[in-house]
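Every chain is numbered from 1 and lettered A, B, ... according to where its sequence line falls, protein lines coming before strand lines.
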2 protein chains.
Amino acid sequence: MMNIAASPLTKKLSAFVALSETELAVLERLHQRRKSFSAGRDLVHQGQSEQAAYILASGWVVSYKIQADGSRQIVDFQIPGDFLGLRSVLLHTSDHGIEPLVDIEAAEVMASDLLQAFAETPRLATAILWAVSRDEAMVVEHLVGLGRRDADARMAHFLLELGARLSLVGMGSKAGYACPLTQYHLADALGLSAIHVNRVLRKLREDALVTFRDGLVTFDDYGRLIELADFDPAYLDQARPLLP
Amino acid sequence: MMNIAASPLTKKLSAFVALSETELAVLERLHQRRKSFSAGRDLVHQGQSEQAAYILASGWVVSYKIQADGSRQIVDFQIPGDFLGLRSVLLHTSDHGIEPLVDIEAAEVMASDLLQAFAETPRLATAILWAVSRDEAMVVEHLVGLGRRDADARMAHFLLELGARLSLVGMGSKAGYACPLTQYHLADALGLSAIHVNRVLRKLREDALVTFRDGLVTFDDYGRLIELADFDPAYLDQARPLLP
DNA sequence: CGAACTGTTGAGCCCTCTCAACGTGAGTGG
DNA sequence: CCACTCACGTTGAGAGGGCTCAACAGTTCG
């Protein structure tokens, strides 16, 4: 088996556990059933009882919840290397919808595959538990943003976090990144109205902090933006592997 | 080994996976190092790099993040059977603080214990992954509350969720439950000011929906409260085990 | 070439915040 | 046993951040 083109998930997990040849092989086997999905067509509907999870190989995905009153809260965006719908499989009910923002490629993973992989290599179980915990840490940070940051800081923090995540898989830098999100996506993610998002973006742009325009995020003053957002990327980055 | 007095965690996990004798024994072994902690003294400080996680045996605990400006966002409250600081161990950095609200008892679990347990019984790994996913589902629901619910619905949803969780471990019912939280705790959890919490509670009480008073939550009209909160406990309750 | 989606701007309003004050009960020390 | 403090709860008044309603411009696409 060739390990030259490691999948984004493998890259991510390798930062956490030093994976052996065997473990890499098992991980690679999870990527076998490759599937494609079209932008805008839900992968998982809210309320559906789903058996399969996915590992995102390319493209952007949004996870959201629809309220009874019709309003939408975006929980997170997924980028390559992230799991899709793992929670739905484990909880045996999908409490949220999953929609590709662009055409995507993803590997299908059944619950039984996961159990078998864990049986073969317990360290892999720990590594995946780590990945799930990291996802939770992001949701927690998101939560703090909604609860205790004003609209400007919330937006700044969001754009910085996304940039950091993209940098880890080679899709961004401290200069900026390509971003297919609309202002409506930002609004539903940040708990704001689309109109207010527009005003906030204008303010950040006029203050020469960030520019969000034409599918491109440009950091005009990275340092000052970090200060405004009170951003600390510790929870995203893995300084050193925990398991030897 | 006697299984008569199953720990709260065992109860929770058993609802998800049918655990064998061996698995129960391994799970029981994780409970060996019993420790006590006093109310108000942080178990884990924010920023600390922690090696041990805990399984809460009795008492209430709060997980929170302090912002640079001094404001506090409570991420969640833990009740018996919940993990404490598992994320801190896995991410190798504590992005949040953990404080006992009352005197508590908890079993210390080292990262190595966990790895060893996974090696012996991979199904246990899946079960714990489930528990972590359930925690994440609660944080997600919390996120939706902050992003898309007004203060009244947010409070109603919070009190209902807590009631449902407590019911699962035998500490509450549809009539109500004992609750050691102050209005300041509610404020920091729900992203409101303590003053507004007070007003919201008064309104809910005057509308004969819930009464929060003297450490006691009483549901005056469970049905109407669920309607106001748009509450769906699917993500908390396990209809049937996923793994045979 | 109309329809749908996205972005932009203005005006007014309301939910929730902040500031300020006061009440109550539990400790605690003199 | 009383004064004092401290934590928690309660209420009022005014301010402000973000929402809603309304309108319009640019693009893409069928």
query: Are B/F77 and B/F158 near enough that their ring centres are under 6.0 Å apart?
result: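 Centroid distance B/F77-B/F158: below 6.0 Å, so yes.
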Nearest-angstrom distance from the residue atom [atom1] of [X] to [atom2] of [N]:
{"X": "A/L181", "N": "C/dC5", "atom1": "CG", "atom2": "C1'", "value": "15 Å"}
{"X": "B/L101", "N": "D/dC8", "atom1": "CG", "atom2": "C1'", "value": "15 Å"}
{"X": "A/L192", "N": "D/dG16", "atom1": "CG", "atom2": "P", "value": "20 Å"}
{"X": "A/F212", "N": "C/dT8", "atom1": "CZ", "atom2": "P", "value": "10 Å"}
{"X": "B/D214", "N": "D/dT10", "atom1": "CG", "atom2": "P", "value": "9 Å"}
{"X": "B/K203", "N": "D/dT11", "atom1": "NZ", "atom2": "C1'", "value": "17 Å"}
{"X": "B/D69", "N": "C/dT18", "atom1": "CG", "atom2": "C1'", "value": "14 Å"}
{"X": "B/D152", "N": "C/dT16", "atom1": "CG", "atom2": "P", "value": "7 Å"}

task: Check whether any side-chain N or O of A/R213 sits under 3.5 Å from a backbone N or O of A/R205 as a donor-acceptor pair, and report yes or no.
output: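 Not confirmed, A/R213 side chain does not pair with A/R205 backbone.
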field: Side chain A/D150, main chain A/A153, donor-acceptor under 3.5 Å
entry: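 Looks like yes, one N/O pair under 3.5 Å.
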Hey, does [X] reach any base, or is it just sugar-phosphate, or nothing, if we go heavy atoms under 4.0 Å?
{"X": "A/G191", "answer": "sugar-phosphate"}
{"X": "B/R199", "answer": "base"}
{"X": "B/A151", "answer": "sugar-phosphate"}
{"X": "B/S193", "answer": "base"}
{"X": "A/G40", "answer": "nothing"}
{"X": "B/I195", "answer": "base"}

- prompt: Quick check: are there more than 12 heavy atoms from other residues, nucleotides or ligands sitting under 6.0 Å from CD of A/E227?
  reply: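 Not more than 12 within 6.0 Å, no.
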Is the distance from OP1 or OP2 of [N] to the nearest side-chain N or O of [X] less than 4.0 Å?
{"X": "A/R202", "N": "C/dT9", "value": "yes"}
{"X": "B/Q183", "N": "D/dT10", "value": "yes"}
{"X": "A/N198", "N": "C/dG7", "value": "no"}

message: Regarding B/D82 and B/Y54, do their side chains bring together a donor and an acceptor under 3.5 Å, going by distance alone?
response: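 No donor-acceptor contact under 3.5 Å links the two side chains.
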- prompt: Considering only side-chain heavy atoms of B/H196, which listed nucleotide, C/dT16, C/dG10, D/dG18, is closest?
  reply: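 Of all the options, the side chain of B/H196 is nearest to C/dT16.
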